[in-house]
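Along the sequence shown, residues are numbered consecutively beginning with 1.
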Amino acid sequence: MRITHVPQLTLAALAALSLAACADTPTAGPAEPGGPLHAAAADTAAPPQEIVYEGEKEYEEIASQVPGYAAHWYDEDGNRVVALTDPSQEALALRVIESRSEPEPAEGETRTGATRVIQVKHDFVTLRDWRNRANFPLFSEKGVVLLDLDEQRNALFVGVADESARAGAEAQLRAAGVPLDAAIIEVTGAPELYQTLQNFFRPLQSGYQIQNAPGGGICTLGVPGLTAGPSYITNSHCTQVYWWNTGTAFYQHLNLGGPWFIGNEAVDPPGWACGGGWVCRWSDAALVPVAAGVPAANQIARTAWWGVHWNPGSLNTGGIAAFNVVNPPQWWPLLGQVVDKVGRTTGWNRGVVTHTCVNLSAFPGRMVLCQYLMTNMAGPGDSGSPVFRQLPNNQAQVTGLLWGGIVTPWFKRSIFSPRGGVFVDLGA
């Protein structure tokens, strides 16, 4: 590709260029270089213990004094609601409830001082016993995700991941002796585990937060390297010295030492004289081989949902299967192509390639040739984010490495180095 035919953005046009980068701007130019985790299982198993729900202790105590007591709570208007199967027990119920201490209203809470008594079908003890009998059988059914003794609806509330779990849940309720009219089954979806892109995670996956030492700048673990051993590529500006290999150490996520170590920068070339006093490269990239003993995966982290264009996506990765990286990469993306990125600050985001083979001046005297612009959102700390195409069967084809953005009221774009340019620079 001839450089003279590549469109070039001027320095003036890039006055608003901002690196979605580390906390510390790197120096430009060369510089001087115990025991088992778990106890052994016992030979014999103890009988199962009766589960005591400490959060229901108050209900248990009131139910032991008030026949037919089901529950009490405050409604949205601040009225106290008392649920009884036998309304004739109202006076006793109020006397017992009011003899107990209650926490002071929190900021924004309203208490009117009024009480409303409602009649319900099932008392607390009955619902409790049904819940306890049905608990383990219900959760043996694939797709059952929660079980609640729902005081306000006076029923057992069963949450399922999707409709396919309803029939099995009903069967288990019947087997446990729970009348189906005393149960409410709703599709809630599965719970999210709040592991995020900003947490420590093993095995290593692209998209998680990393930190360099000794400066402590925060970036994103980038695309897997095409090397014999496990390696990752992040931005050169996330290292201690831009476009120069100083062996910068990287860690995950906010701890510099010990089990958080990832590896040291190994390839980060100085660039080449490309005319007019400029030094050029084809990417803002540095190769970091994974240290011995550190588990690593050829994967990109996947979060709960993605944002479109300039809307941030989810950071939550808990319980979500990562994207499996397939080879070969897409070396040079296409104009108008839909691409995704995953970064520690703005999460999983989807956009469109809007400019191809753009020349950019990132630091004085240094030019990055043939870069790509896209509408994906990015922010400080997203530098190094993998840019990829989402393929069927939870697969990802890497197509670039995000390193910055141009953000003005009239022009919003993220910038990434194409995978082909990364390969030319690093050979990986």
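The side-chain tip of Arg131 points at the ring of Tyr53 from less than 6.0 angstrom away and within 45° of straight on.
Between the Tyr372 side chain and the Leu334 main chain, no donor and acceptor come within less than 3.5 Å of each other. Counting only distance, with no hydrogens or angles, the side chain of Gln211 and the backbone of Cys219 share no donor-acceptor pair below 3.5 Å. No donor-acceptor distance shorter than 3.5 angstrom exists from the side chain of Gln172 to the backbone of Leu138, with no hydrogens or angles considered. Of the possible polar contacts, none joining the Lys341 side chain to the Gly207 backbone as a donor-acceptor pair under 3.5 Å is found. Judged by distance alone, with hydrogens and angles left aside, the side-chain atoms of Asn311 form a donor-acceptor pair with the main-chain N or O of Val308 at under 3.5 Å. For Thr220 (side chain) and Gln209 (main-chain N/O), no donor-acceptor pair under 3.5 Å exists by modelled atom type. Asn324 contributes no side-chain N or O that, together with a main-chain N or O of Gln395, makes up a donor-acceptor pair within less than 3.5 Å. In this structure, Tyr59 contributes its side chain and Glu151 its backbone to no donor-acceptor pair below 3.5 Å. At least one donor-acceptor pair closer than 3.5 Å links the side chain of Asn359 to the backbone N or O of Cys370.
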* Asked: Between Val387 and Phe416, does a side chain to side chain contact (heavy atoms under 4.5 Å, CB included) hold up when you go through it step by step?
  -> CA-CA 8 Å; Val387 180; Phe416 68 97; 3.9 Å; yes

* CA sep, side-chain torsions, deciding dist, call: Val145, Val160, side chain to side chain contact (heavy atoms under 4.5 Å, CB included) -> CA-CA 5 Å; Val145 297; Val160 293; 5.7 Å; no

* Check the pair Thr303, Asn316 against side chain to side chain contact (heavy atoms under 4.5 Å, CB included), reporting the backbone distance first and the verdict last. => CA-CA 5 Å; Thr303 64; Asn316 174 32; 5.5 Å; no

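You'll find the side chain of Val326 reaches within 4.5 Å of the side chain of Leu391, heavy atoms only. Counting heavy atoms from C-beta on, the side chains of Thr375 and Lys412 never come closer than 4.5 Å. Two residues are said to be in side-chain contact when any heavy atoms from C-beta on lie closer than 4.5 Å; Ile62 and Arg100 meet this criterion. Residues Val82 and Ile118 form no side-chain contact, since every pair of their non-hydrogen atoms from C-beta on lies 4.5 Å or further apart. Using a 4.5 Å heavy-atom threshold, the side chains of Ser206 and Pro224 count as touching. At least one side-chain heavy atom of Trp310 sits less than 4.5 Å from a side-chain heavy atom of Ser414. When side chains are defined from C-beta on, Val294 counts as touching Arg202, because their heavy atoms get closer than 4.5 Å. At least one side-chain heavy atom of Val339 sits less than 4.5 Å from a side-chain heavy atom of Thr399.
Annotation: salt bridge (Lys or Arg N to Asp or Glu O under 4.0 Å) contacts of Arg166 (sequence neighbours excluded): Glu163. In this view, Ala322 and Gln205, Gln299 satisfy the side-chain contact (heavy atoms from CB on, under 4.5 Å) rule, not counting sequence neighbours.
A donor-acceptor pair shorter than 3.5 Å can be found between the side chains of Thr317 and Tyr208. For the residue pair Thr112 and Asn79, a side-chain donor N or O sits within less than 3.5 Å of a side-chain acceptor on the partner. Checking Trp348 against Asp340 by side-chain atom types alone, a donor-acceptor pair falls below 3.5 Å. No side-chain N or O of Trp306 forms a donor-acceptor pair with one of Gln390 less than 3.5 Å apart. There is no side-chain donor-acceptor pair under 3.5 Å between Thr248 and Asn212. At a cut-off of 3.5 Å, with distance as the only test, a side-chain donor of Arg302 or Asn394 sits close to an acceptor on the other residue. Judged by distance alone, the side chains of Gln330 and Gln337 do bring a donor and an acceptor atom under 3.5 Å apart. Counting only N and O atoms by type, the side chains of Asp284 and Ser417 include no donor and acceptor under 3.5 Å apart. Residues Ser283 and Asp425 have side chains that bring a donor and an acceptor to within less than 3.5 angstrom of each other.
For the atom pair CG (Leu426) and CH2 (Trp282), the distance works out to 14.0 Å, reported to the nearest 0.5 Å. Rounded to the nearest 0.5 angstrom, Cys357 SG and Leu335 CG are separated by 11.5 Å. Once rounded to the nearest 0.5 Å, the distance linking CZ of Phe124 with OG1 of Thr126 reads 10.5 Å. Between the CZ atom of Arg344 and the CD1 atom of Ile218 there is a distance of 5.0 Å, given to the nearest 0.5 Å. Considering CZ of Arg419 and CH2 of Trp331, their distance stands at 5.5 Å, rounded to 0.5 Å. Considering CZ of Phe250 and OG1 of Thr234, their distance stands at 5.5 Å, rounded to 0.5 Å.
Of all the heavy atoms in Val144 and Ala169, the pair that sits closest is CG2-CB, 4.2 Å. Taking every heavy atom of both residues into account, Leu197 and Val342 meet most closely at CD1-CG1, 3.7 Å. Smallest separation of non-hydrogen atoms from Asn245 and Ala266: ND2-O, 3.0 Å.
For Arg174, the CZ atom is densely surrounded, since the number of other residues' heavy atoms within 6.0 Å is greater than 12.
Classification of the His237-Trp403 ring pair by plane angle, with boundaries at 30° and 60°, yields perpendicular. Taking the six-membered ring for Trp and thresholds of 30 and 60 degrees, Trp130 and His122 have ring planes more than 60 degrees apart, a perpendicular arrangement.
Between Arg80 and Asp75 no salt bridge is recorded (no basic side-chain N to carboxylate O distance below 4.0 Å). Ion pairing of Glu56 with Arg128 is absent here, as no side-chain N (NZ or NE/NH1/NH2) approaches a carboxylate O to less than 4.0 Å. A salt bridge is absent between Asp77 and Arg116: the closest approach of a Lys/Arg side-chain nitrogen to an acidic carboxylate oxygen does not fall below 4.0 angstrom.
Considering Asn235, Asn376, Thr346 in turn, Thr346 is the only one that fulfils the side-chain hydrogen bond (donor to acceptor under 3.5 Å, both in side chains) rule with Asp382.
Residue pairs that meet the salt bridge (Lys or Arg N to Asp or Glu O under 4.0 Å) test with at least one member in residues 136-150, sequence neighbours left out, are Asp150-Arg153.
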